[in-house]
Amino acid sequence: MARSINYGAHNKFLRKESDRSFIRQIHIYTEGSVTEPEYLKIIKETILSNSPSQNTKFKINIKPSNSKSSPKNIRKAIRNEVQHFGNKKFNEVWVLLDKDDWDTQEICLLKDDKQISKSSSKFNVLISAPKFELWLILHFENGFGIATSSDVDRHIKKHIPGYDKHCNKIMFTQKNIFDAIERAKQLKKLNTNTNTDVYILIEYMFSLINN
């Protein structure tokens with residue numbers, strides 16, 4: 001008698017083998033078109049230099065806005081793209097936003113967008129208050145006493161003389177990146193209006209090296 005074959009089990013095995021060949025796509029959308037993308041490029045290069053190419057199971061896709069973009073416009077851009085991502089299991093969406101004076105409802109609509117969340121395995125909107133440069137400052141100091149955008153501007157020029165929105169790679173070492181993560185966590189614990197969620201993404205990205 002011929003032996004019967006369980007095609008269902010066989011196909012399941014093939015799907016698992018196929019899944020292993022897929023690379024996790026980390027799509028990072030930024031409100032700014034200069035500072036955030038340049039900083040993320042530094043992080044990307046630092047991470048990849050610590051991750052042997054043959055073991056890299058993820059790809060970091062940095063997607064800056066063409067200009068300073070509102071949460072509404074970022075949401076629209078992501079909604080247009082997620083439909084082409086393919087298997088949600090291998091796609092993540094992260095958004096970096098400044099709190100600035102954006103309407104809270106616009107930010108909430110982005111955070112709660114079902115189309116985006118259903119099309120990605122992770123969807124996180126990370127807010128910096130008052131703005132992204134606070135995260136840069138935390139590479140050099142604890143950020144205590146900073147409350148306004150003017151404070152941020154004043155502090156960052158102390159650490160990066162002549163700061164003009166651009167990020168110089170030599171200013172951001174792996175050590176002070178990790179220092180910034182810890183300082184951001186401390187600011188968060190203080191539960192003030194001045195804080196940044198950027199550390200969540202950066203810490204996560206470094207964790208992928210060992211996964």
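Just so it is clear, the values below take in all heavy atoms, side chains as well, and ignore hydrogens, waters and symmetry mates.
- Within the 4.5 Å cutoff, the side chain of E141 has heavy atoms near those of the H159 side chain.
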Take W102 and E31, measure what side chain to side chain contact (heavy atoms under 4.5 Å, CB included) needs, and give me the verdict at the end.
-> CA-CA 12 Å; W102 294 128; E31 175 185 336; 3.2 Å; yes

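- Heavy atoms only, all atoms of each residue included: L126 and V198 are closest at CD1-CA, 4.3 Å.
- A distance-only check finds a donor-acceptor pair linking the side chain of N50 to the backbone of T46 [under 3.5 Å].
- L96 and V34 are not part of a single hydrophobic cluster, where members link through side-chain heavy atoms under 4.5 Å apart.
- Summarising the local packing, NZ of K185 is surrounded by more than 12 heavy atoms from other residues, nucleotides or ligands at distances under 6.0 Å.
- A donor atom on one side chain and an acceptor atom on the other are found under 3.5 Å apart for Y204 and E92.
- The two residues T30 and G32 come nearest to each other via the heavy atoms OG1-O, 2.7 Å.
- With sequence neighbours left out, H139 forms a ring pair (Phe, Tyr, Trp, His ring centres under 6.0 Å) with Y39, W135, F172.
- N195 contributes a side-chain N or O that, together with a main-chain N or O of T192, makes up a donor-acceptor pair within less than 3.5 Å.
- Rounded to the nearest 0.5 Å, atoms CG (D151) and CD1 (I137) are 8.5 Å apart.
- Contact check for D100 versus P130: no side-chain heavy atoms found under the 4.5 Å cut-off.
- For N168 (side chain) and I170 (main-chain N/O), a donor-acceptor pair under 3.5 Å exists by modelled atom type.
- Annotation for I146 and T194: closest pair O-OG1, 2.8 Å, computed over non-hydrogen atoms.
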Dump the intermediate steps for side chain to side chain contact (heavy atoms under 4.5 Å, CB included) on L201 and I43, then the final yes or no.
-> CA-CA 11 Å; L201 171 61; I43 295 296; over 6 Å; no

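- Using modelled atom types, one finds a donor on one side chain and an acceptor on the other under 3.5 Å when comparing N61 with Q25.
- Within 6.0 Å of CD in Q105 there are 12 or fewer heavy atoms belonging to other residues, nucleotides or ligands.
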Might you work through the side chain to side chain contact (heavy atoms under 4.5 Å, CB included) test for N91 and V82, ending with a clear yes or no?
-> CA-CA 9 Å; N91 289 276; V82 292; over 6 Å; no

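- The distance from atom CD1 of I156 to atom NZ of K165, rounded to the nearest 0.5 Å, is 8.0 Å.
- Counting only distance, with no hydrogens or angles, the side chain of N176 and the backbone of T173 share a donor-acceptor pair below 3.5 Å.
- Note that the NE2 atom of H27 and the CD1 atom of I78 stand 10.5 Å from one another [nearest 0.5 Å].
- Distance check: K44 NZ to I28 CD1 gives 8.5 Å after rounding to the nearest 0.5 Å.
- Judged purely by atom type and a 3.5 angstrom limit, D98 uses its side chain to pair as donor or acceptor with the backbone of F132.
- A donor-acceptor contact shorter than 3.5 Å is absent between the side chain of S121 and the backbone of F90.
- The distance from atom CD1 of I209 to atom OG of S49, rounded to the nearest 0.5 Å, is 7.5 Å.
- Following chains of ILVMFWY side-chain contacts shorter than 4.5 Å, one cannot reach Y29 starting from L109, and the two form parts of different hydrophobic clusters.
- Between Y163 and E133, the closest side-chain pair of non-hydrogen atoms falls below 4.5 Å.
- Counting only heavy atoms from C-beta outward, the side chains of L110 and F123 approach each other to under 4.5 Å.
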Evaluate side chain to side chain contact (heavy atoms under 4.5 Å, CB included) for I107 paired with T104, printing each intermediate quantity in order.
-> CA-CA 5 Å; I107 295 176; T104 302; 5.6 Å; no

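- Residue-environment remark: NZ (K157) stays at or below the threshold of 12 foreign heavy atoms within 6.0 Å.
- In this structure a side-chain-to-backbone donor-acceptor pair under 3.5 Å is present from E106 to K72.
- Interatomic distance, L208 CG to F58 CZ, rounded to the nearest 0.5 Å: 5.0 Å.
- S69 contributes no side-chain N or O that, together with a main-chain N or O of S65, makes up a donor-acceptor pair within less than 3.5 Å.
- Side chains of E182 and Y199: a donor-acceptor N/O pair is absent below 3.5 angstrom, by distance only.
- Considering all non-hydrogen atoms of both residues, N193 and A129 come closest at O-CB, 3.3 Å.
- A side-chain donor-acceptor contact under 3.5 Å links D197 to the backbone of I127.
- Within the 3.5 Å criterion, the main-chain N or O of R79 finds a donor-acceptor partner in the side chain of Q115.
- Under 4.0 Å is where a charged nitrogen must lie from a carboxylate oxygen, and between E38 and K169 no such pair does.
- When all heavy atoms are compared, the tightest approach of I60 to M205 is CD1-CE, 3.5 Å.
- Residues F85 and S119 approach most closely at CD1-O, 4.4 Å, considering heavy atoms.
- Surrounding NZ of K188 are more than 12 heavy atoms belonging to other residues, nucleotides or ligands, all under 6.0 Å away.
- For residues 114-131, the set of pairs meeting the salt bridge (Lys or Arg N to Asp or Glu O under 4.0 Å) definition, not counting sequence neighbours, comprises K131-D153.
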